[in-house]
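This one's a predicted model, so the numbers in the text were calculated from it and none came from an experiment. A note on names: the letters A, B, ... follow the listed sequences, proteins ahead of strands, and every chain is numbered from 1. Excluded from the calculations below are hydrogen atoms, water molecules and symmetry mates; all remaining heavy atoms, backbone and side chain alike, are included.
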2 protein chains.
Amino acid sequence: MNKYYTITELTREFGVSTRTLRFYEDEGLIHPERRGRTRLFRPADRHLIKEILRGRRIGFTISEIREIIQVYKDPPGEMGQLQLLMQKVSVKRDDLRQKRRDIDETLAELDNVEEACLTRLAEIGVGT
Amino acid sequence: MNKYYTITELTREFGVSTRTLRFYEDEGLIHPERRGRTRLFRPADRHLIKEILRGRRIGFTISEIREIIQVYKDPPGEMGQLQLLMQKVSVKRDDLRQKRRDIDETLAELDNVEEACLTRLAEIGVGT
DNA sequence: GCAAAAATTGACTTTCACGTAAAAGTAAAT
DNA sequence: ATTTACTTTTACGTGAAAGTCAATTTTTGC
């Protein structure tokens with residue numbers, strides 16, 4: 001069996017264009033197999049794409065995403081590299097925590113906006 | 001009294017360039033006063049900049065930020081506009097919630113990365 | 001086995017959010 | 001009065017992440 005996905009199956013599933021997936025391949029994020037020139041995506045590729053898009057949603061750059069993926073494939077063996085990586089992880093973590101605070105604050109603001117809207121609607125509604 | 005801020009004071013406080021603040025003015029996000037040609041920022045401007053940067057951190061575009069700011073200055077008076085706005089708010093909210101999930105998942109992943117690093121370090125440390 | 005649909009490559013274009021350089025005006029301090 | 005530190009406008013440049021277009025293959029359905 002060993003299911004394969006075509007490129008358009010995946011573009012439909014994830015709502016991205018073929019150009020995007022090819023771009024990710026060019027950037028070395030994914031390595032779909034080939035039958036001739038045609039790309040064949042395996043479940044592993046599909047999973048990777050999921051992770052890529054998640055990274056994208058929270059604002060990681062392509063190279064940041066690439067870096068994370070690299071770690072999984074081949075964790076650095078050298079001491080210095082490892083320490084550097086851990087530093088980066090720590091920075092990223094702080095960054096993400098800040099983002100979460102930002103999101104919470106913005107969500108609260110959106111609540112305000114909504115309430116203001118409802119009030120307005122009520123006013124208008126009464127006047128009609 | 002009525003404190004004014006110079007542009008560089010604010011760039012230092014927020015870690016952005018003058019170009020950035022001027023750009024935000026060009027984009028209609030802020031409207032600092034002028035003494036001659038020189039910009040004078042009031043506390044209100046400073047506060048707005050804070051909000052803009054928060055929006056930026058979570059990936060809002062300039063026009064999305066502009067939209068939110070607009071609502072505060074001048075909530076739409078027309079019914080249709082209001083409903084449209086509320087729809088947008090609802091979409092944004094969903095978007096932000098998704099982002100928060102993404103962040104949580106990524107934080108968990110970073111924990112894994114870190115642990116893998118620590119394990120590696122221990123291995124190497126022993127071998128030395 | 002042949003047409004239609006789908007996939008490929010390559011080059012060019014676009015959008016966003018500023019960066020950068022140039023040339024000149026201001027303002028306070030020495 | 002001159003230096004020093006900012007500030008201004010104008011205008012072109014840039015990098016990331018794709019979008020678009022065109023000209024070929026390749027695959028699939030019948």
Inset, instruction - Could you state the atom-to-atom distance from CZ of A:Phe23 to C1' of C:dT8 in whole Å? - result: 18 Å

Legend entry - A:Arg37 backbone acceptor or donor facing A:Arg34 side chain under 3.5 Å: yes

Legend entry - Pair A:Arg54 + B:Asp102: basic N to acidic O under 4.0 Å: no

Legend entry - Phosphate OP1/OP2 of D:dA18: any A:Arg56 side-chain N/O under 4.0 Å: yes

Inset, instruction - Check whether any side-chain nitrogen or oxygen of B:Thr20 sits under 4.0 Å from OP1 or OP2 of C:dG19, and answer yes or no. - result: yes

Inset, instruction - For B:Thr6, answer base if it contacts any base atom (sugar-phosphate contacts may also be present), sugar-phosphate if it contacts only those atoms, and nothing otherwise; contact means non-hydrogen atoms under 4.0 Å. - result: sugar-phosphate

Inset, instruction - Could you tell me whether A:His31 atom NE2 has more than 12 heavy atoms of other residues or ligands within 6.0 Å of it? - result: yes

Inset, instruction - Look at all strands and tell whether B:Arg66 reaches a base, only sugar-phosphate, or nothing, counting heavy atoms closer than 4.0 Å. - result: nothing

Inset, instruction - Write down the distance between OH (A:Tyr5) and P (C:dA7), rounded to a whole number of angstrom. - result: 16 Å

Legend entry - Presence of A:Tyr24 side-chain N/O under 4.0 Å of D:dA18 phosphate oxygens OP1/OP2: yes

Legend entry - Euclidean distance, atom CD of residue B:Glu64 to atom P of C:dT15 [Å, nearest integer]: 17 Å

Legend entry - Between C1' of C:dC18 and CZ of B:Phe14, the distance in whole Å: 18 Å

Inset, instruction - Respond yes when some side-chain nitrogen or oxygen of B:Arg34 is under 4.0 Å from OP1 or OP2 of D:dT9, and no when none is. - result: yes

Legend entry - Main-chain N/O of A:Thr61 paired to A:Glu64 side chain as donor or acceptor, under 3.5 Å: yes

Legend entry - B:Phe60 CZ to C:dT15 P, straight-line distance once rounded to whole Å: 22 Å

Inset, instruction - Check whether any side-chain N or O of B:Arg66 sits under 3.5 Å from a backbone N or O of B:Glu27 as a donor-acceptor pair, and report yes or no. - result: yes

Legend entry - DNA chain D: 5'-proximal contact among A:Val16 and A:Gly36 (nearest heavy atom): A:Val16

Inset, instruction - Round to a whole Å and report the spacing from CD of B:Glu9 to C1' of D:dT7. - result: 13 Å

Inset, instruction - Would you classify A:Arg39 as touching base, sugar-phosphate or nothing, given that sugar-phosphate means primed atoms plus P, OP1 and OP2, and contacts are heavy atoms under 4.0 Å? - result: sugar-phosphate

Legend entry - 5′-ward residue of the pair A:Phe41/A:Arg19 relative to DNA chain C: A:Phe41

Inset, instruction - Would you mind classifying the nucleic acid contact of A:Ser17 as base, sugar-phosphate or nothing, using non-hydrogen atoms under 4.0 angstrom? - result: sugar-phosphate

Legend entry - Ring-face cation of B:Lys92 near B:Phe60 (centre distance under 6.0 Å, axis angle within 45°): yes

Inset, instruction - For A:Thr8 and for B:Arg35, locate the closest nucleotide of DNA chain C by heavy-atom distance; then report the residue assigned to the nucleotide nearer the 5' terminus. - result: A:Thr8

Inset, instruction - Could you tell me whether the phosphate oxygens of C:dA17, OP1 or OP2, come under 4.0 Å of any side-chain nitrogen or oxygen in B:Arg57? - result: no

Inset, instruction - Side chain of A:Arg37 only, please: which of D:dA17, C:dA17, D:dT25 is the nearest? - result: D:dT25

Legend entry - Interatomic distance where CG belongs to B:Leu21 and P belongs to D:dC6 [whole Å]: 15 Å

Inset, instruction - Round to a whole Å and report the spacing from CD of B:Glu27 to P of C:dA17. - result: 8 Å

